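Worksheet for the structure shown next.
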Amino acid sequence: MSSVMRKTSLVVQLAALVCLGLGCASAPSRPSASASLTGQQTSVESQGLTEATLRFGAQLESAGPGMVERADYELVSDGKVLKKGSARLETALQPGAATEVSFEEKAAYVQSPEDLARLSAQGGTVLLALRGVLVVRSGDSEQQVPFAASRAVRVPRLPTVVVEELDGARYSAEEVQLNLRLGIRNPNPFPLKLDGLTWQVAVAGKALDSGTLAQADSVDASATGVYPVEVAVTKDSWGPEVKSLISRGILPYGVTGELTGPLMRVPYSLTGEVKLNVSR
C-alpha cells in the first residue's frame, strides 16, 4: 500500500472516531414506519346565522411508535380561507392499530350584512372544510400527513316579520284598543339571536305609538317568536275626528320597523285593515 493511500485511510478513520466522540449532525429523516391516514371526516358541531363550529376527526395507522403532535390547518368556506390555526394533539400512535385524533374550530362564515343578504337570497348550501397537515414525530424525524374534509350546510336565511294576529276592541264611540301580535319567523335549522325589533304603528295614516321588542332575545330553530303590541286609538292619540273614524267599523293600519341581530338588518312594512269588535 502506498504512503498516500495509508494517509487517506488514517484520515477517514480519524474522522469516524471524531464523529463517534462528538456526534455529527445529519439531515432529518422520515420516520422508519410512516403514518398513513385511513379515515377522515368533518362534522358541524353547531351553526348560527353568521358562524359555525366544525369538528375534524381522523384515524391514522403506523407500523412503529410515534406521536401526532399537532394539526396545522385552514378553515375554508366555498374555497375561501376564513381562518388559519394550529391545534395541539399530543396523541401517541399505537403500532399496528388505528389511532383517532380530533379538534374543533369556530369561525364566522358570513363577513358582512351584504354577505348575509346575498347568501339568503341565493339559498341552497355552502361548503365548509378543514384542510391542512397532521404533524407526526418519531424520534428525531418528522412527517406531515395531509388532510382535507368538507361538509355542506344549509345557507343562513334571513327571518321575516309578519302580523300573526290583530284585533280591535271598541270600548266606546271614541276609543279603540288595537291588540297586535308581531311574529318573527326563523326559517333556519338553528336558533336565531336577536338584538331587537323596532315598531311604529299608524292608523289611517297617523302615527300613534312606537317601541322596541325582543331585545337580546332569540327564536328557536324553525319556529316563530310572537311579541304583543297594544295601541290605543283615542282623541288624544289620533285626533279630534276619531269618533268619525271609529264609526266606520274598519280601521286601516300600518306597522313599520326593523329587525336587527348579528350582521343582520331586516326592515319591514306591513299594512292592512282591522274590523272592530263590539264593545268589551
Side-chain angles (χ1 to χ4, degrees), residues 12-111 119 125-156 188-191 193 221 262:
V12 172
Q13 294 178 37
L14 181 60
L17 288 172
V18 170
C19 278
L20 287 172
L22 300 179
C24 291
S26 59
S29 60
R30 291 176 60 84
S32 57
S34 297
S36 60
L37 202 64
T38 59
Q40 59 178 331
Q41 61 281 321
T42 290
S43 60
V44 179
E45 295 297 292
S46 65
Q47 183 184 4
L49 196 66
T50 62
E51 61 187 19
T53 298
L54 299 186
R55 182 179 181 84
F56 174 79
Q59 300 79 43
L60 294 93
E61 288 187 357
S62 175
M67 177 73 69
V68 187
E69 290 190 338
R70 68 181 188 277
D72 296 330
Y73 60 88
E74 297 175 334
L75 191 151
V76 182
S77 174
D78 274 352
K80 180 181 178 181
V81 177
L82 302 180
K83 191 175 183 179
K84 295 183 178 183
S86 183
R88 301 297 301 180
L89 299 175
E90 300 294 347
T91 302
L93 286 171
Q94 301 299 326
T99 301
E100 295 190 359
V101 295
S102 65
F103 66 90
E104 291 186 1
E105 179 56 272
K106 182 178 182 179
Y109 62 91
V110 174
Q111 306 298 313
L119 286 172
T125 61
V126 60
L127 196 65
L128 300 178
L130 286 166
R131 68 188 184 192
V133 294
L134 297 171
V135 179
V136 179
R137 183 167 295 279
S138 178
D140 61 352
S141 60
E142 181 181 286
Q143 178 189 2
Q144 293 188 348
V145 181
F147 69 85
S150 62
R151 172 72 65 176
V153 299
R154 283 181 55 184
V155 298
N188 299 289
F190 49 80
K193 295 181 180 180

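Computation of the quantities below employed the complete heavy-atom set of this structure, encompassing side-chain atoms and omitting hydrogens, waters and symmetry-equivalent molecules. Not measured: the values here are computed from a predicted model.
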Test your reading of the model: is there a side-chain donor-acceptor pair from [X] to the backbone of [Y], 3.5 Å cut-off?
X: T42; Y: A149; value: yes
X: E104; Y: L54; value: no
X: Q143; Y: A35; value: yes
X: D72; Y: S86; value: no
X: E100; Y: A58; value: no
X: T91; Y: L89; value: yes

Which atom of L60 lies closest to which atom of V101, heavy atoms considered: CD1-CG2, 3.7 Å
Between S43 and R151: side-chain donor-acceptor atoms closer than 3.5 Å: no
More than 12 heavy atoms of other groups within 6.0 Å of Q111 CD: yes
Parallel, tilted or perpendicular: ring planes of F147 versus F103, cut at 30 and 60 degrees: perpendicular
Nearest-0.5 Å distance that lies between atom CZ in R70 and atom CZ in R137: 8.0 Å
Passing option when Y73 is tested against R131, K83, E105 for side-chain contact (heavy atoms from CB on, under 4.5 Å): E105
